[in-house]
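A short worksheet on the structure shown next.
The analysis underlying the following values was restricted to heavy atoms, covering all of them including side chains, and did not include hydrogens, waters or symmetry mates. These numbers come from a predicted model, not from an experiment.
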Amino acid sequence: RQLFIGCLKPICSCSISIPMKQFILIVFLIHAGLSSAQDRFFYLGQPYIYKDSVLLDQSRLNLIYRHEFRVDTSASPMWSNVKMQVGRKVVKQTDLHVYFTNLWRKISEETPGIVPDREQAELISNGNCNHPYFAEMTMFPSENALRITCCNYLLGSHSGPFVYDESIPEMEWQLLDGADSVAGYACKIAQTHFRGRVWKAWYTLQIPIPTGPWKLHGLPGIILRAVDQTGTYSFECIGIETDPQSIYEYVPMRSTAVTRTQYLRYERRYHEDPQSVRGDAADIFKLGQDGVTNIDTDWQIPYYPIEFE
């Protein structure tokens, strides 16, 4: 199958003043026909403002993956499209829902009263939530380095997104029997244990590039589908193009540099004790079928991280 991917654009350098606001975190309680004991909590990584863009490379391959996060396998998933651009120097992944949400916010901040219709349509067509654990991810193979930009959980946060660097993780793969077709390519199957999850991957020897979605890599062909053993997380390629495209790094107006461990601890604490994360700077409300209500001080968000410390 072919899917038109389109080019991600450079961001013009500009100066934007973000007005002081009270941080408000709204947690959407999705009932989806379930009893109150089975309610699922829906959360969003918050958008941020782009300051500039830096040209990193030219792509030789462009792929779109549908990424799903599904706590309850009987209910609709939270999803977004992720664009992977494979260049000669870098491999860049961009969550398109986050990207267009950020552009929507940038235009709204710069031109009050103007509704950015194109960006709004694009963010709707590319997902239903901003997955917080990565907005962008860039792999630098020659430097054995990964750079990951993660959304903040607090709406309007002046600290911006979190950014951490790590070495490209090593993975040991077990080749499995079986075969399948993904995006029109014949695929073999492999499995790995990676940071607390068991991932099964479908890779194709027709594209002999040892990379894949998320941090998965190291097979003799590109990974076109990956599903963790619990079914909570999945990536599936839905389109491939070979037209060269510019690969940009998008620079936030503000960001907070952390280590991977610091980010994961923040993520865990946000779920297990969201009141302590927000402090006195935010009010937390629950939006359910009965309207908006306050959250109890001991309230928690179910914690199903894509990777563990």
Side-chain angles (χ1 to χ4, degrees), residues 45 61 63-75 77-86 91-96 127 129 131-139 141 144-150 164 166-183 185-240 260-261 263-264 267-268 271 302-309:
L61 188 67
L63 306 92
I64 293 288
Y65 292 86
R66 179 181 168 104
H67 170 40
E68 295 187 357
F69 169 45
R70 187 190 299 265
V71 175
D72 182 349
T73 55
S74 67
M78 291 172 274
W79 69 277
S80 64
N81 287 332
V82 175
K83 180 170 184 174
M84 176 189 287
Q85 296 171 285
V86 181
V91 178
K92 170 78 184 300
Q93 297 181 59
T94 305
D95 185 309
L96 292 179
C129 83
H131 294 102
Y133 35 85
F134 85 97
E136 295 186 24
M137 185 185 309
T138 307
M139 178 184 290
N144 189 33
L146 272 178
R147 178 173 299 143
I148 299 94
T149 301
C150 308
Y164 68 87
E166 65 170 312
S167 299
I168 298 173
E170 295 182 2
M171 297 184 182
E172 295 184 3
W173 291 93
Q174 176 188 3
L175 303 184
L176 304 178
D177 294 332
D180 202 351
S181 176
V182 181
Y185 290 84
C187 291
K188 296 179 178 294
I189 306 172
Q191 182 172 284
T192 190
H193 294 251
F194 179 60
R195 293 178 177 171
R197 292 194 176 274
V198 178
W199 288 92
K200 185 176 287 187
W202 286 256
Y203 64 98
T204 179
L205 299 178
Q206 295 173 262
I207 307 176
I209 300 174
T211 193
W214 180 230
K215 299 176 183 180
L216 305 175
H217 71 101
L219 287 166
I222 197 164
I223 298 170
L224 297 181
R225 178 194 293 150
V227 181
D228 93 284
Q229 192 175 52
T230 67
T232 304
Y233 291 94
S234 66
F235 296 84
E236 178 150 358
C237 180
I238 57 174
I240 300 177
R260 173 180 165 271
T261 298
Y263 174 75
L264 292 178
E267 180 185 63
R268 184 183 186 109
H271 287 79
Y303 183 51
Y304 303 94
I306 194 169
E307 66 177 27
F308 295 84
E309 291 184 45

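Pairing each heavy atom of Arg225 with each of Ser181, the nearest pair is NH2-O, 4.1 Å. What you find for Ala145 and Ile168 is that their closest heavy atoms are N-CG1, 3.6 Å. Taking every heavy atom of both residues into account, Lys92 and Thr138 meet most closely at CD-OG1, 3.1 Å. Of all heavy-atom pairs spanning Leu63 and Cys237, the tightest one is CD2-SG, 4.0 Å. The minimum heavy-atom distance between Pro132 and Tyr263, with the atom names listed, is O-OH, 3.5 Å. Closest of all the heavy-atom pairs between Tyr233 and Asp228 is N-OD1, 2.7 Å.
Atoms CE and CE, from Met84 and Met139 in turn, are 8.0 Å apart once rounded to the nearest 0.5 Å. Taken from SG in Cys150 to CZ in Arg260, the straight-line distance is 10.5 Å, to the nearest 0.5 Å. How far NZ of Lys188 is from CG of Asp177: 9.5 Å, rounded to the nearest 0.5 Å. Taken to the nearest 0.5 Å, the CG atom of Leu219 stands 9.5 Å off from the CE atom of Met171. Taken from CZ in Phe308 to OH in Tyr303, the straight-line distance is 6.5 Å, to the nearest 0.5 Å. The OH atom of Tyr185 sits 15.5 Å away from the CG atom of Asp180 when rounded to the nearest 0.5 Å.
Looking at Ile222, Val86, Leu61 one by one, the single match for side-chain contact (heavy atoms from CB on, under 4.5 Å) with Val91 turns out to be Val86.
Classified by interplanar angle (parallel below 30°, tilted 30° to 60°, perpendicular above 60°), the ring pair His67/Phe235 is parallel. Ring-plane geometry between His131 and Phe69 is classed as perpendicular, the angle between the planes exceeding 60 degrees on a 0 to 90 degree scale with a lower cut at 30. By the 30° and 60° cut-offs, the orientation of the rings of Tyr133 relative to Trp214 is perpendicular.
Side chain of Thr204 to main chain of Ala186: a donor-acceptor pair is present (N/O by atom type, distance under 3.5 Å, no hydrogens or angles). One N or O on the side chain of Thr230 and one on the backbone of Thr232 form a donor-acceptor pair closer than 3.5 Å. Remark: side-chain polar atoms of His217 are paired, donor with acceptor, to backbone N or O of Pro169 under 3.5 angstrom.
Remark: Pro220 pairs with Tyr203, Leu205 by the side chain to side chain contact (heavy atoms under 4.5 Å, CB included) rule, at least two apart or across chains.
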Go through Glu236 and Glu68 one step at a time and tell me if the side chain to side chain contact (heavy atoms under 4.5 Å, CB included) criterion holds. CA-CA 9 Å; Glu236 178 150 358; Glu68 295 187 357; over 6 Å; no
Checking side chain to side chain contact (heavy atoms under 4.5 Å, CB included) for the pair Arg70/Trp79: CA distance, chi angles, key distance, verdict? CA-CA 8 Å; Arg70 187 190 299 265; Trp79 69 277; over 6 Å; no
In sequence, state the C-alpha distance, the side-chain angles, and the governing distance for Leu224 and Trp202, and then conclude on side chain to side chain contact (heavy atoms under 4.5 Å, CB included). CA-CA 6 Å; Leu224 297 181; Trp202 286 256; 5.6 Å; no
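For CD of Glu166, the number of neighbouring non-hydrogen atoms (other residues, nucleotides, ligands) closer than 6.0 Å is greater than 12.
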